[in-house]
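These notes concern the structure reproduced below.
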Protein chains: 2
Amino acid sequence: MGERHESHLDHVFNALCDPTRRAILARLTDADARVTDIAGDFPISLNSISKHIRMLERAGLLRRSIVGRDHMLSLNAGPLSEAQAWIENYRRFWEGRLAALDAYVTRKNRNRR
Amino acid sequence: MGERHESHLDHVFNALCDPTRRAILARLTDADARVTDIAGDFPISLNSISKHIRMLERAGLLRRSIVGRDHMLSLNAGPLSEAQAWIENYRRFWEGRLAALDAYVTRKNRNRR
DNA sequence: GTGACGTTCACCCATATGGGTGAATATAGG
DNA sequence: CCTATATTCACCCATATGGGTGAACGTCAC
């Protein structure tokens, strides 16, 4: 229960969990496309693709412009910067650890000599 | 069905979906900790924390060293680089789009004058 | 208007998740 | 040996996901 609050970052990471959704984003790097166009590239049903697209939209990674009966989709990579910033924080931590290990090994070698 | 294959990247992004798990990683940036220590920082049960930790382990983001009855956990940010690399690809795409838009606006302004 | 096309809606099903509880297991320490 | 502590295991429950199907809705094209 409880009002899971559902931050935007949750949605972004959640959208990236699924390989099909990542592939959809990759597909849209190439060119904008309709829902049916995208569905044609995958072995699953049009309806399932439609649901994946809705989740990508929820994360803000897709823009949809409806023209007539066609829904044109385009990539909107902007929200990824939020996720990237989060990860970047830990990359620095990680590099710090590696640097510390490196310093340790160097020190040890120096003492050995 | 299916044999979902479950690539490593899936697990990493999946681990990052949940705010509690992200908070656990943040907690471990500060210092290594036991399962119980971590559970003390959250309003949910020890068992739930244990499950979150198992998922972080599955993603390779945690290391566990069992000493006696204590399980010492330490952050292992290494696998994040894979996720970061994936995102980085799209950031470059996105910046390319912005640059193109910028060039377009600049060109338009020049023509206006 | 009528039929074909593009998307979504409303369901069904199996599995995973996030939370809980109580019991089992394993080790530390008298 | 016995007890307290640290974790996990085995469940229960509600909800979300990922897949499917068939029907509805909207729009184009004749």
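Keep in mind it's a predicted model, so treat the numbers as computed, not measured. Quick note on labels: first sequence line is chain A, next is B, and so on, each numbered from 1.
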Of the nucleotides [options], which one has an atom closest to the side chain of [X]?
X        : options                  : result
Thr36(B) : dA6(D), dG20(D), dG19(C) : dA6(D)
Asp70(B) : dT17(D), dT7(C), dT7(D)  : dT7(D)
Ser48(B) : dG19(C), dG19(D), dC9(C) : dG19(C)
Ser45(A) : dG19(C), dT21(D), dT7(D) : dT21(D)

Side-chain donor or acceptor of His71(B) paired with backbone N/O of Ser65(B) under 3.5 Å |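 Checked: no pair found.
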Ala15(A) backbone acceptor or donor facing Arg21(A) side chain under 3.5 Å | yes
Give the rounded distance in Å between these two atoms: [atom1] of [X] and [atom2] of [N].
X        : N       : atom1 : atom2 : result
Ile49(A) : dG19(D) : CD1   : C1'   : 11 Å
Leu16(B) : dT17(C) : CG    : P     : 14 Å
Asp37(B) : dT7(D)  : CG    : P     : 7 Å
His11(B) : dA16(C) : NE2   : P     : 11 Å
Asp10(B) : dT17(C) : CG    : P     : 11 Å

Using only heavy-atom distances, decide whether a donor-acceptor pair under 3.5 angstrom links the side-chain of Asn47(A) to the base of dT21(D).
-> yes
Give the minimum heavy-atom separation between Arg22(A) and Leu16(A), together with the two atoms involved.
->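 Nearest heavy atoms, Arg22(A) then Leu16(A): NH1-O, 2.7 Å.
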Distance-minimising heavy-atom pair for Pro19(B) and Asp10(A) =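 Answer, listing the atom of Pro19(B) first, then Asp10(A): CD-OD1, 3.5 Å.
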With sequence neighbours left out, what residues match Ser48(B) under side chain to side chain contact (heavy atoms under 4.5 Å, CB included)?
->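 With neighbours one apart ignored, the set is Ile44(B), Ser45(B).
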Taking only the side-chain nitrogens and oxygens of His71(B), find out if one of them lies under 4.0 Å from OP1 or OP2 of dT8(D).
-> yes
Have Gln84(A) and Gln84(B) got a donor and an acceptor in their side chains that come within less than 3.5 Å?
->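 Short answer, no.
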Any residue of residues 51-60 of chain A with a heavy atom less than 4.0 Å from an atom of DNA chain D |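 Nucleic-acid contacts, sorted: Lys51(A), His52(A), Met55(A), Arg58(A).
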Under 4.0 Å between any heavy atoms, over every strand shown, what does Asn14(B) touch: base, sugar-phosphate, or nothing? Just pick one.
-> sugar-phosphate
Assign each of Leu46(A) and Ile44(B) the nucleotide of DNA chain C bearing its closest heavy atom; nearer the 5' end lies the nucleotide of Leu46(A)
By ring pair (Phe, Tyr, Trp, His ring centres under 6.0 Å), Tyr90(A) pairs with (sequence neighbours left out) Trp86(A)
Within the sub-3.5 Å range, which N or O atoms of nucleotides 27-30 of chain D have a protein N or O partner, and how far apart are they?
none

How would you list all residue pairs meeting salt bridge (Lys or Arg N to Asp or Glu O under 4.0 Å) that involve residues 71-81 of chain B, not counting sequence neighbours?
->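 For residues 71-81 of chain B: none.
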Mind jotting down which residue pairs meet the salt bridge (Lys or Arg N to Asp or Glu O under 4.0 Å) criterion with at least one end in residues 61-75 of chain B? Sequence neighbours excluded, please.
->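 For residues 61-75 of chain B: Arg34(B)-Asp70(B), Glu57(B)-Arg64(B).
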